[in-house]
Structures are given as structure tokens and as C-alpha cells.
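One structure is given here, and the rest of the page talks about it.
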There are 4 protein chains.
Amino acid sequence: MSGPAAPRRPRRHDPGRRDRLIDAALTVIAERGVAGTTHREIARVADVPLGSVTYHFASLEEVLREAFTRHAEAAAQVFDRRLSAVRDRDAAVEAVISLVAEDLLGSQDDLVLAVELYVAAARNPVLRAVTQAWMQRSRRALERHFDPTTARQLDALIEGLVLHSALSTDPMTPGQIRQAIERYLR
Amino acid sequence: MSGPAAPRRPRRHDPGRRDRLIDAALTVIAERGVAGTTHREIARVADVPLGSVTYHFASLEEVLREAFTRHAEAAAQVFDRRLSAVRDRDAAVEAVISLVAEDLLGSQDDLVLAVELYVAAARNPVLRAVTQAWMQRSRRALERHFDPTTARQLDALIEGLVLHSALSTDPMTPGQIRQAIERYLR
Amino acid sequence: MSGPAAPRRPRRHDPGRRDRLIDAALTVIAERGVAGTTHREIARVADVPLGSVTYHFASLEEVLREAFTRHAEAAAQVFDRRLSAVRDRDAAVEAVISLVAEDLLGSQDDLVLAVELYVAAARNPVLRAVTQAWMQRSRRALERHFDPTTARQLDALIEGLVLHSALSTDPMTPGQIRQAIERYLR
Amino acid sequence: MSGPAAPRRPRRHDPGRRDRLIDAALTVIAERGVAGTTHREIARVADVPLGSVTYHFASLEEVLREAFTRHAEAAAQVFDRRLSAVRDRDAAVEAVISLVAEDLLGSQDDLVLAVELYVAAARNPVLRAVTQAWMQRSRRALERHFDPTTARQLDALIEGLVLHSALSTDPMTPGQIRQAIERYLR
DNA sequence: CATGAATGAGTATTCATTCAT
DNA sequence: GATGAATGAATACTCATTCAT
């Protein structure tokens, strides 16, 4: 035990701090939820003083918006990457299966972030815009290989599979994921 | 608001008060989210003094647990009612379609409560148990008419359709819901 | 030295605390000005925990409004008392002189409170209403003995004499006050 | 407002900047009061970067002192100009009337600045010196035409008339101002 | 020289919970 | 039994000032 506060190395010059704060915010959202995301907690995770968070962001909502935007962008790139690499429909089906079984279910944090964004978006129009842009982008990616109706339904199925897996004590196995998607896409 | 407490008409003997508080809590969760659910807000909605909430419940978590349990019970009964009334598989498919298009998408509050429960459950084991019992119960209801694998996948699909509709600016029409479910169930 | 915080005697039951808080607020306004009037400072002067101030008043503005209202009421009563005790005009002139020279200039705190109220009222409509009610009431008291035009001008003169005295290193003597008022009232 | 600083056009060599900052400070004091006068607000009004304010002034108090000094100087010049232009006592009376009815009551900002200075001076010795110099100077100007006792009383009357008018919903008309001053000066 | 990132102290306010009446 | 006053910890946010660039 060495006093009430940990010594903090001075770091007056720290370019890129704003970026690190956004990453720290995503960590906090995943760990404690949007409701547990406070200036203090973000500052603690980023190892910067409290005032630094309020200096770089005019409000907590701004932090959340930027954090979720960054997360959605990264998630959308995964979609794009998986689906732009394939040429025929069979490969597309495999790509969707891998996307769900590996990318989406692979990271517990990402699952949690998705659900947190959904619930936050239910009450915050700014975040709803982020969600909708994300949904639209994933639908566009699916439409490269599937007709619009199928793409939309598939997108909902993916969402449901991910959500169920995130909350279940008994998540689906990759084989079950494969079966569900193949059944839908013939 | 000015001053600590508004005068309130006396209502000393009030046997249903605990029940009314649980309903008030559900109203508050739907309106403001779990994060905005406070003793004060519940008391205000139920029109009872602040002390009454802490008198009837040992903690806020207890209120949330009871409220979500009641909500899940009511939601499960809707599942049961729809699916126990049918005798053959074709009627079961129709029942699922009605369930989603009418019951689940019919009430914005219910959608919101479901998502709030999901996210709260992600961090609270007590609430996770409520969620899982609910999921299990709806799966059992589906298993009256579909094999376990189909039931599980269908449950996830339903979840996805509901969630997508809840968050989209452009929700699916009943016809689209019907098409997605029929496609899955042949 | 005995630790970071002074021990505070427990005082869970404390009727009249709200009243004491209003008095404490007046003390703080007089000592530090409206700009220096904070929840913490009021709590410190009243020797209650910080949360107590926010419990009894919905906002700092509410505290200021109640404090200035109480002060204006007390000040108006002094006016009334001085002026209701006299029967003829000569006695009224003496009463005004005593009012200014003794009551108004007698308490440095009261002078300061008056100026603080003026400046706060310049930006806060709620406080402007307090000021105007006070001005109106003192004018009515003067109108018992002087015609309305004289009353109004006399009221302004009193204000000016008080303000000048409050700010001057070289305040007017009672004799000078008497001369100024007598000159005006013949 | 989003983020710490808006991009700003460069203006490296700017010799009048200190002066502009003082004017900006007076604008801010008039608009928001001394309590609302911050480095940031002054910088915003002057359209210069935040660091520029702290570069040119060692502290906020220095800004306030210079701003009030400039204001008092300008106000005193108005007094001087009105009263140095006249030769006999009747003209002096007219000059005082014009001074109050036109100059002093003509600018709401000037009224507010005067009251802000009074209240700030009540707690800040540096500003009290500014106030007293100003009072002394206006008294000297009046003494060109009136004996010292009359000058002093007249100065207080002017103060009272201005203050009353500033705060009243029902300010005095120019005719009433004239009557009050003429009555005092015969 | 001039700037703006950085920081720490301070502000109003909310609220779960305790407890005397 | 029921209430609401009381409390202390926490929250978002502001800002004067310092200081590296």
C-alpha cells in the first residue's frame, strides 16, 4: 500500500490520446455496459486524468457515438472482407457461415457491444443512426450475392443467431450454425 | 419540481401496492430503460411515497428481477396460448406467423422490454436466469410442433426478425414476416 | 491535526433544517457573493452534509430565490415598521432619515445583500420578481406619507445613498444623510 | 460544440489583439456577468485561440481590472464632456438631466456594467479602487458647477435613479427624471 | 511568440439506501 | 407498518492555469 493514488508518469505531450480514449470507451462498454460507461472509468482504462476525457469530448454522448461508429465500421469491414472475396453463390454461403461462426461468435466483446448498441439506440437517435448505417451496410454486402429479400431475411437470421448465442448458456455449435444458414439458403 | 416531496393523499391500507410497484417498474423500464429506472421514478409512476419502494423491496435489483420475471411470464403465456391452440403443422406455422407479426411486433413496449432484459442479463446473473428460463420456455412451446433443431433455429429467427424490426426505420411488413418464416419452415 | 474531516455529530432528526439552510445561504451570499454561493459552502456554514442541501432544494436557484425572498421580507418589514409608527409628515421625514441612517446603513451585510440581489436580478427573472416586489412594497410604505411622485423619487434617492455608502471609502455621516433627505423633502 | 477547438484562420501578427481582448471582456461581462466571464468566453467573442487570453493577461482578474478600468474611463469622459461644455448653473442642470436621461439610461449594457462593477468591487480591492476613482472623478465633474455637498448628494441621486430604472419594469420617463433632478437642484 | 493540449480542483445534481419518527 | 428526511458516494461537466511544442 502506497497512498491513495497511483503515481502517474507525466505525459504532457501525447498525440493520439483522443484515439486511445475511443478505444478505452469501447473496452469499458464491453466490460460494464453503456450504463456503466462514465468519464472516470474511461479515464482509468486509458490511464489519463479525468479532465482529459472531458477535454477531448464535449459530452459522454459524443464519446459513445464515436466509439460505436468505430466499432460498427470495423464490424462492417469484416462483412465486406468475407463477402467480397468470393465469386459464386456456394462460396458466398460458406462465407456467411464463416462470418457468423468465426467472426461474429468469435469475440464475446463484439457480441456484447452489438447488444449494448441496440439497447442504447432504442433511446438515442444519434446512436440509432449509427445502427442503421451499420445494418444497411451489412445488407448491401449480402446483396452482392443474394437477392434483396433473401439478404434482408438472412441479415435478421444472423442477428438472431448471434443474439441467442450471446445470451444462451448453451450456445450453438459451428455445425448448428452451418445447418441453420444452409437450410435458409438451400 | 420544488422541494423534496409533494403532499400525497393518504392510503394506509393498500394490499395491492407491491404488485402495482412491479407494474410501475415495467412502465419505467420501457420508458427510460434499466439505466433510468430509479426508486424515485417508480414511486412517481405508482403514485406512492419514495419510502414505499424501499419498504417493499430490499434493493433495486429485486425490483428489476421481479419486474422482468413478470414480463417474461406474460410473454411466455402468449407463446403458449398461440401454440397450444393448434393441432397440425400448417396451423402451427400460421400460429408462429401471427405470434411474430401480431403479438411480438404489436407492442413497442414489449420489444423494448425484451432488449432491455437482454442487455441487463448480459451483466447480471440473476437476470440471466430469467432470460434463460424464458428462452427455454418458448423453445418448449415450439417443440410441441417442430423438432428440437428446427425449434431452436426458429426461435433465433424470430428473435432476429423482432430485433431488426424494432430498430429499423423500415420495419418488415406482415407479408415479409410471413415469407421469411414460411421459407424456413417450408 | 486529527484526520481529513471534522467529526460531525449525528443529527438524523432535525426539523427546521430547511430554514437554517436558507439563513446559511444568506450568510454565504453576504460573505462571498452570489457567485461564491455553492451547495458546499451553504452546507459548511449550516454544518450539514452536502446532500442535505440538494435534498431540500431542487436547485441552487431555488435556494437563492428563497433566501432573497426572506431577506426582502425582513427588509420590507423594517420599512413598514418605521413608517407606520408616525402620524404627520414631519415625523415621516424623521422616520425616513432614521431608516436610512440607522437601519439601512447599520448593517454592512444588508447593504451587500441588496447589491448582490440587484446584480443577480439583472440576469435572473425569478430574482427580478423578488426585487420588484420589494421595490413596490417600499414605495407603498412611502406613499402613506408622500405623494406617489415624491415617493418614487425618494425611493431612488434612498437607493443611491445606500449604494454610494456601501461602496465608498468615505461613507456619508448621519448628518449628511439627514441633509440630503431634508433637502429633497423640503 | 464538438471537440476541443474549432479550426481558426491564422493571424500571427496582430498588434491590437490585447485591446480587442479587453473589449471582448466588456462584452462578455455585459452579456453574462462577471461570474460568467471566462477565458474561453472572451476568446470566443474575440475570435482568438484560448491560449491567447492567458498569453496576454496573467490572470482573469487582470482582464477584469483592465476591462473595468477602460469602461470607467469611457463613462467618466461622458460626464466630463457633458459638464465641461456648459458655463452657467442652469445649463449645468440641463447637462445633468441629459446625462442621466440620454447617456446613462441610453445603454442597457452600460447600466449592467456599472452594477457588475459595484458587486465585483464589494469583494475585490483592486476593483474597489477602480470604482472609487470613477466615483471621485464624476464628483469632481459635478463640482465644477455645484458645491461639494450638493455634488455628492447629486451623485448619489443619479446612482439611485439609474439603478431603479435599470431594475424596474416601469422605468422612469425622461420627464420624471427631469423633475427629480430639478427638484433637487431647485 | 503563440498556441492548444493537458490537468486537477471545483460545480450542480442524482440517487440507493438507512433510519428516526 | 409506513414514511420521508437524511446521507455519502457518484455522475457529467466547467474552467483557470500550466506547459511542451
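Every chain is numbered from 1, with letters handed out A, B, ... down the list of sequences. Only a predicted model underlies this, so the values are computations on that prediction, with no experimental measurement involved.
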- Query: For the base of F:dA16, is there a side-chain donor-acceptor partner from D:Arg40 under 3.5 Å away?
  - Reply: yes

Quiz item: Is there side-chain contact between C:Arg123 and D:Glu116, with heavy atoms separated by less than 4.5 Å?
Solution: yes

Per nearest nucleotide of DNA chain F, the residue lying toward the 5' end, C:Thr54 or D:Ser59, is C:Thr54

Review point. Is there a side-chain contact between B:His56 and B:Val63 (heavy atoms, below 4.5 Å)?
Key: no

pair A:Glu41-A:Thr27: side-chain heavy atoms closer than 4.5 Å | no

ask   = E:dA2 phosphate, OP1 or OP2: any side-chain N/O from D:Tyr55 under 4.0 angstrom?
value = yes

Per atom distances to the C:Pro49 side chain, the nearest of E:dA5, F:dT7, E:dT7 is F:dT7

Pairing partner of E:dA9, by Watson-Crick or G-U wobble and under 3.5 Å for both distances, is F:dT14

Out of E:dT11, E:dA5, F:dT3, minimum distance to the side chain of B:Ser52 belongs to F:dT3

When D:Leu60 and B:Gly51 are each assigned the nearest nucleotide of DNA chain F, the 5'-most assignment goes to B:Gly51

Whichever of C:Leu50 and A:Pro15 has the more 5' nearest nucleotide on DNA chain E, that residue is A:Pro15

### Any D:His56 side-chain nitrogen or oxygen under 4.0 Å from OP1 or OP2 of E:dC1
no

inquiry  = Just N and O in the side chain of B:Arg18: are any of them under 4.0 Å from OP1 or OP2 of F:dG1?
reply    = no

Applying the 3.5 Å cut-off to both distances, the Watson-Crick or G-U partner of F:dT21 turns out to be E:dA2

Any strand, both distances under 3.5 Å, Watson-Crick or G-U wobble: E:dT14 pairs with F:dA9

Per atom distances to the D:His39 side chain, the nearest of F:dC15, E:dA16, F:dA16 is F:dA16

From CD of D:Glu41 across to P of F:dT17 the rounded distance in Å is 17 Å

The residue, B:Ala58 or C:Glu61, whose nearest nucleotide of DNA chain E is more 5′ is C:Glu61

note: A:Glu62, atom CD; F:dA12, atom P; distance rounded to Å ~ 14 Å

Atom CZ of B:Phe57 and atom P of E:dC15 are separated, to the nearest Å, by 19 Å

query = Can you find a side chain N or O atom of D:Arg44 that sits less than 4.0 Å from OP1 or OP2 on F:dC15?
reply = no

With the side chain defined as heavy atoms from C-beta on, D:Thr38 is closest, among F:dC15, E:dT7, E:dA16, to F:dC15

Main-chain N/O of B:Thr37 paired with B:Arg32 side-chain donor or acceptor, under 3.5 Å:
no

Is there side-chain contact between C:Ile22 and C:Phe57, with at least one heavy-atom pair below 4.5 Å? yes

